[in-house]
Visitor: 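Can you read through this structure? Questions will come right after.
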Protein chains: 2
Amino acid sequence: MSNNQFRKGELYSFITGKASIAIARRLQKKFNTAGLNLTIEQWSVLYHLWKQDGISQQELCNATFRDKPSITRLVDNLEKLQLVKRVSSDADRRMNLIYLTRQAQKLQEQSMGIAEETLNEALEGVPAERIEICKEVLQIVYDNLK
Amino acid sequence: MSNNQFRKGELYSFITGKASIAIARRLQKKFNTAGLNLTIEQWSVLYHLWKQDGISQQELCNATFRDKPSITRLVDNLEKLQLVKRVSSDADRRMNLIYLTRQAQKLQEQSMGIAEETLNEALEGVPAERIEICKEVLQIVYDNLK
DNA sequence: TTTGGTTAGTTGTATAAACAACTATATGTC
DNA sequence: GACATATAGTTGTTTATACAACTAACCAAA
């Protein structure tokens, strides 16, 4: 069954992820305004470390859907900002375990608050059950393609 | 009304646009496999020129949600690939009008077919009315933030 | 213990995005 | 017409992504 649900302009929006780009831009602006010297991509790495500290770069790749070079460089930059530290694993010396610094721990609450605020602005006026359906559809899309 | 519809992991997916990244990657792979030497970003510019040829770089900015430097460089690269030509406007000599070459015109049918195919794969198993709701929610998100 | 394959991470290169600063042209007002 | 201001596009810089090629460490089988 081919489902040609998309008129041309809508096809374009879906492929380009217009909505998520708008969310990311708004979040970045809020970070800047708040004086958080952090890119969204860097934040997304910290996000997973706040959930579980001391995971490997490979685990960060899986969690953030990025390839290894991308994580290498994001960790490079986070290290320069003194927000994380690479510690090579005793158990497997190929692995780097990535640990948050004190400074990064302090950023969690504020930045997560800003992220929630941004999502609330994005979804203002959308009934909960429609948000739920949207989330489910996007999850299926991801599962279909992964 | 604050709508905290998001458990943490879902917040992350929404912000990062996991689904649209997956769509873009799949589309890029299909382009590569088909021997189309084209990035998704370049395709997105051609997309608007296929709808209307000879528009200005500024109009391309508005259509693609990119800033002026981004379009300058995308047009640079498309010109190197001999897919578009800059023609400075007679009416307003500040403006470049961007025209498709023969070669670019030939790419329309094939690449649009691949894009539709990709979306059909992405949305496989999702009922039409749920797709409709999802599109509407994403449009509201965009309108809320723009 | 050696060999061969796998996994973790890095480096090189090309493309792209965001922001700031810039040039050139146009336009509206006096 | 001259000046201030706005608009179209370019260039420089930093950050990020994707892919390929690479090194180092691990592991399993002979």
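Throughout, protein chains are lettered first and strands after them, A, B, ... in sequence-line order, and every chain is numbered starting at 1.
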Visitor: Tell me whether the OP1 or OP2 atom of dG9(D) has a side-chain N or O from R66(B) closer than 4.0 Å.
Guide: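 Checking R66(B) against dG9(D): no side-chain N or O falls below 4.0 Å of OP1 or OP2.
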Visitor: Check whether Q28(A) reaches the backbone of L38(A) with its side chain - one donor and one acceptor, N or O, closer than 3.5 Å.
Guide: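 Checking the backbone N and O of L38(A) against the side chain of Q28(A), a donor-acceptor pair under 3.5 Å is found.
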Visitor: Hey, does the side chain of R25(A) come within less than 4.0 Å of dA18(C)'s phosphate (OP1/OP2), counting only N and O?
Guide: yes
Visitor: So what does N77(A) touch, heavy atoms closer than 4.0 Å: a base, only the sugar-phosphate, or nothing?
Guide: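 Contact class for N77(A): sugar-phosphate only.
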Visitor: Specify the separation, in whole Å, of atom CD1 of I98(B) and atom C1' of dT10(D).
Guide: 13 Å
Visitor: Looking at R93(A), does any N or O in its side chain come under 4.0 Å of the phosphate oxygens OP1/OP2 on dA24(D)?
Guide: no
Visitor: Quick check on DNA chain D: between L97(B) and Q42(A), whose nearest nucleotide comes earlier from the 5' end?
Guide: L97(B)
Visitor: Counting only side-chain N and O atoms of Q28(A), is one of them less than 4.0 Å from OP1 or OP2 of dC19(C)?
Guide: no
Visitor: Whole angstroms only, please: what is the CG-C1' distance between L38(A) and dT14(D)?
Guide: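 It is 15 Å, rounded to the nearest whole Å.
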Visitor: Taking the side chain of D67(A) as heavy atoms from C-beta outward, which of dA18(C), dA18(D), dA8(D) is closest to it?
Guide: dA18(D)
Visitor: Please give, in whole Å, the distance from dA16(C) P to D76(B) CG?
Guide: 10 Å
Visitor: Examine dA8(D): is either OP1 or OP2 under 4.0 Å from a nitrogen or oxygen in the side chain of Q58(B)? Give yes or no.
Guide: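 Answer is yes, contact under 4.0 Å.
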Visitor: Taking the side chain of R86(A) as heavy atoms from C-beta outward, which of dA18(D), dC19(C), dT10(C) is closest to it?
Guide: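 Selected nucleotide (nearest to the side chain): dT10(C).
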Visitor: Would you say the side-chain atoms of S13(A) pair up with the backbone N or O of K18(A), donor to acceptor, closer than 3.5 Å?
Guide: no
Visitor: In whole Å, I'd like the distance from the CZ atom of F31(B) to the P atom of dT15(C).
Guide: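 From F31(B) CZ to dT15(C) P: 17 Å.
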Visitor: Classify the ring geometry of F65(B) against Y12(A): parallel below 30°, tilted from 30° to 60°, perpendicular beyond 60°.
Guide: tilted
Visitor: Calculate the interatomic distance between K68(A) atom NZ and dA21(D) atom P; express it in whole Å.
Guide: 14 Å
Visitor: Can you tell me which nucleotide in dA20(D), dT25(C), dG9(D) comes closest to the side chain of D92(B)?
Guide: dT25(C)
Visitor: Which nucleotide, dA16(D), dT11(C), dG9(D), lies nearest any side-chain atom of T39(A)?
Guide: dA16(D)
Visitor: On a plain distance test, is the side chain of R73(B) in donor-acceptor contact with the base of dG12(D) below 3.5 Å?
Guide: yes
Visitor: Counting only distance, no hydrogens or angles, is the base of dT7(C) paired donor-acceptor with the side chain of R94(A) under 3.5 Å?
Guide: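 Such a pair exists between side chain and base.
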Visitor: Can you name the nearest heavy-atom pair linking V137(B) to V126(A), along with the distance?
Guide: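 Looking at all heavy atoms of both residues, the closest pair is CG2-CG1, 3.9 Å.
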Visitor: Specify the separation, in whole Å, of atom CG of N32(B) and atom C1' of dA18(D).
Guide: 10 Å
Visitor: Does N96(A) place a side-chain N or O at less than 4.0 Å from the phosphate oxygens OP1/OP2 of dT10(C)?
Guide: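 Indeed, a polar side-chain atom of N96(A) lies that close.
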Visitor: Measure CG/D90(B) against C1'/dA26(C) and give the value in whole Å, please.
Guide: 15 Å
Visitor: Heavy atoms only, 4.0 Å cut-off, all strands: where does L74(B) land among base, sugar-phosphate and nothing?
Guide: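 Result for L74(B) = sugar-phosphate.
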Visitor: Would you mind reading off the distance between I71(B) atom CD1 and dA18(C) atom P, rounded to a whole angstrom?
Guide: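 In whole Å, dA18(C) P lies 10 Å from I71(B) CD1.
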Visitor: Can a side-chain donor-acceptor contact be found between E124(A) and N120(A) if the only test is distance below 3.5 angstrom?
Guide: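 Note: N120(A) and E124(A) side chains miss the donor-acceptor criterion.
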Visitor: Sub-3.5 Å donor-acceptor pair from the side chain of E79(B) to the main-chain atoms of D76(B), do we have one?
Guide: no
